[in-house]
Structures are given as structure tokens and as C-alpha cells.
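Here's the structure, in C-alpha cells; my notes come after.
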Amino acid sequence: MGRFRTLSARFFRRPAEEVAPELLGRFVVRDLEEERLVLRIVEVEAYLGARDRASHAWQGRRTGRNKSLYEDGGVAYVYFIYGMHYCLNVVTGRSGNADAVLLRAAEPIAGAGTMLEHRRLSRSPRPGDLAGGPGKLCQALNIDRDFDGSPLTRGALRITEGEGATPEVIVTGPRIGIAYAGEAADWPLRFAIRGHRHVSRPLPWSK
DNA sequence: CGGAAGATCCACT
DNA sequence: GTGGATCTTCCGA
């Protein structure tokens, strides 16, 4: 397929905190009927399954919504939130473990025009409007629950690498929107490319 | 079976 | 910076 090489299942079958920073600088490829949409990942968060109070799988919870979290690494976990948004996770680790990485923000590489149409903005777009947030990212790629449990190693939605290594510096911080999670709210499981303009919210960049 | 909350986003002040 | 939208999902009774 040339420029964008799909990552193998082996890549995903490791703990989320290990996979998460390695997803930065890699790509989400979404094939539509007549067009390929490509985003470059610039911000993610790791969720540590049963041992993480912020995870949907806290204390081993198994529900109808979260069952794909327990699949072998390399599939999508897509859930619906706040009555109107979807969030896309990359499931990691082995079967029975519920680790996952939330894709929070990405930079448009190809198909920005179509992504802008998907976003249905009323105002003129500013940087970060296309995919600078987990809900925006899903809307831009037209992702919904139909992708829940689907493989990211083949098919219409894939995680790939491009050419060369990731040149940027990675910074970490606490995760967003999980104040209820007690001690886990402080864990530095949010990862981003330092200073990147498409990040959803500022991090304390180290200088 | 009902109530409450939620890994968010947008418009408005 | 604040509040409202909007509805699925979950948990307790």
C-alpha cells in the first residue's frame, strides 16, 4: 500500500502505558468509498483496565458497552458519550486484559475537506477544529459504534506508520475529564507531542 | 425501573 | 469562563 504501513497485531499486545507514547506520530487511516482520510496522532491517553478507576473496566467490570475492551490488542473500542459524541480507543494487551489507548487529537494529513464536511461546523474553522479532541476526531472520520470491536490491522479503519521515526519530543500529564477517579486522576497517562498546535488542551510543556 | 452521570463540544458573555 | 445540549449506559432499589 506504499506510504502507510499497517501496524501488526503484535505492536498492540503490550500494556497501554507502553503502547500509548508510541502511537504519537503514527497515523489513523480511514478508507471511504472514494477517498482516503488520514490523520497523524498527536495526543493520546492510556487506560489501565481493571486497575484503573478511570477505566470503563475498573475492578473488572464487564458490560454490554465495554466487551471489546477485553479482546486481544489491535481492535477498536468505540463508545458513545454525553448523548452526542463517540470516542475511539485502540485496545492493547492480551485477551482478558482491558487496557486501551484513547485517541484524543490528531493532525489532518489527507482528506481535510471531507473531514471538515463531516464536522458540520457553523463558523469558520480554526486549527484543532477538525480533530483536536476525541469527539471531533471521530466525527471527522465518520466513526460510530459500527466500528466497535473491528480490527485496526486491516479493513476500512487502520493504524499505520509512515516513513521515518517520530522526531518530536513527547510530554506527559494527567488525563482529562476524570476527576472522579481518585488517585488515578493524577497518574501521568496523557501523552502528547510537545508544543503541537493540534493538541486538544495545553500541557505544561517542559522547556 | 428510575435516576444520575458521563474519557465532550459549542455558543455565548 | 460558564452553561446547555442530548441520550446511552449503568447501578442501585
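First the proteins, then the strands, lettered A, B, ... as listed; each starts at 1.
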Taking NZ, NE, NH1 and NH2 as the nitrogens, is one of them in R40(A) or E168(A) under 4.0 Å from a carboxylate oxygen of the other?
yes

In whole angstrom, what separates R201(A)'s CZ from dC10(B)'s P?
14 Å

Rounded to whole Å, CH2 of W187(A) lies from P of dA7(B) at a distance of 16 Å

Check: F11(A) main-chain N/O paired with R14(A) side-chain donor or acceptor under 3.5 Å:
yes

Across the strands shown, which category fits R120(A) at heavy-atom distances under 4.0 angstrom: base, sugar-phosphate, nothing?
nothing

Distance-only, no hydrogens or angles: does the R13(A) side chain make a donor-acceptor pair with backbone N or O of T92(A) under 3.5 Å?
no

Checking all strands, does Y82(A) fall into the base, sugar-phosphate, or nothing category for heavy-atom contacts under 4.0 angstrom?
base

Nucleic acid contacts - residues 97-116 of chain A versus DNA chain B, non-hydrogen atoms under 4.0 Å
L102(A), R104(A)

Quick check on Q59(A): does its CD atom have over 12 non-hydrogen neighbours (other residues, nucleotides or ligands) under 6.0 Å away?
yes

How would you label the contact of R65(A) with the nucleic acid (heavy atoms, under 4.0 Å): base, sugar-phosphate, or nothing?
sugar-phosphate

Which heavy atom in P108(A) sits nearest to a heavy atom in H198(A), and how many Å separate them?
CD-CE1, 3.9 Å

Quickly work out the R190(A) CZ to dT8(B) C1' distance and round it to whole Å.
14 Å

Nt span of DNA chain C in reach of chain A heavy atoms at under 4.0 Å, 5' end first, is dA5(C) to dC11(C)

Is the shortest side-chain N to carboxylate O distance from R65(A) to D148(A) below 4.0 Å?
no

Y79(A) OH - dA5(B) P separation (whole Å):
18 Å

Between dA7(B) and Y180(A), is there an OP1 or OP2 to side-chain N/O distance shorter than 4.0 Å?
yes

Check S200(A) against R104(A) and note the closest heavy-atom contact, atom names and distance.
OG-NH2, 3.1 Å

Look at the side chain of H85(A) and the backbone N and O of G135(A), then say whether any donor-acceptor pair between them is shorter than 3.5 Å.
no

With DNA chain C as reference, determine whether F80(A) or M84(A) sits nearer its 5' end, using the nearest nucleotide of each.
M84(A)

Let's see if you get this right: which residues in residues 41-63 of chain A place a heavy atom under 4.0 Å from DNA chain B?
Y47(A), A54(A), H56(A)

Got a sec, which residues hit ring pair (Phe, Tyr, Trp, His ring centres under 6.0 Å) with F80(A), two or more places apart in sequence or on another chain?
Y86(A)

Annotated structure of DNA chain B as dot-bracket, pair cut-off 3.5 Å, Watson-Crick or G-U only, | for inter-strand, is ||||||.|||||.

Within 45° of the six-membered ring axis of Y70(A) and under 6.0 Å from that ring's centre, is NZ or CZ of R62(A) located there?
yes

Pairing residues for R51(A) by the salt bridge (charged side-chain N to carboxylate O under 4.0 Å, His left out) criterion, not counting sequence neighbours:
E17(A), D99(A)

So do E43(A) and R190(A) actually touch side chain to side chain, heavy atoms under 4.5 Å?
yes

Is the side chain of R26(A) donor-acceptor paired with the backbone N or O of G162(A) at a distance under 3.5 Å, no angle test?
no

Let me know the distance between CD1 of I178(A) and C1' of dT8(B), rounded to the nearest Å.
15 Å

Just the rounded figure in Å: distance from P of dA7(B) to CG of L137(A).
17 Å

Whether R175(A) and E45(A) form a salt bridge (side-chain N of Lys/Arg under 4.0 Å from carboxylate O of Asp/Glu) is what I want to check.
no

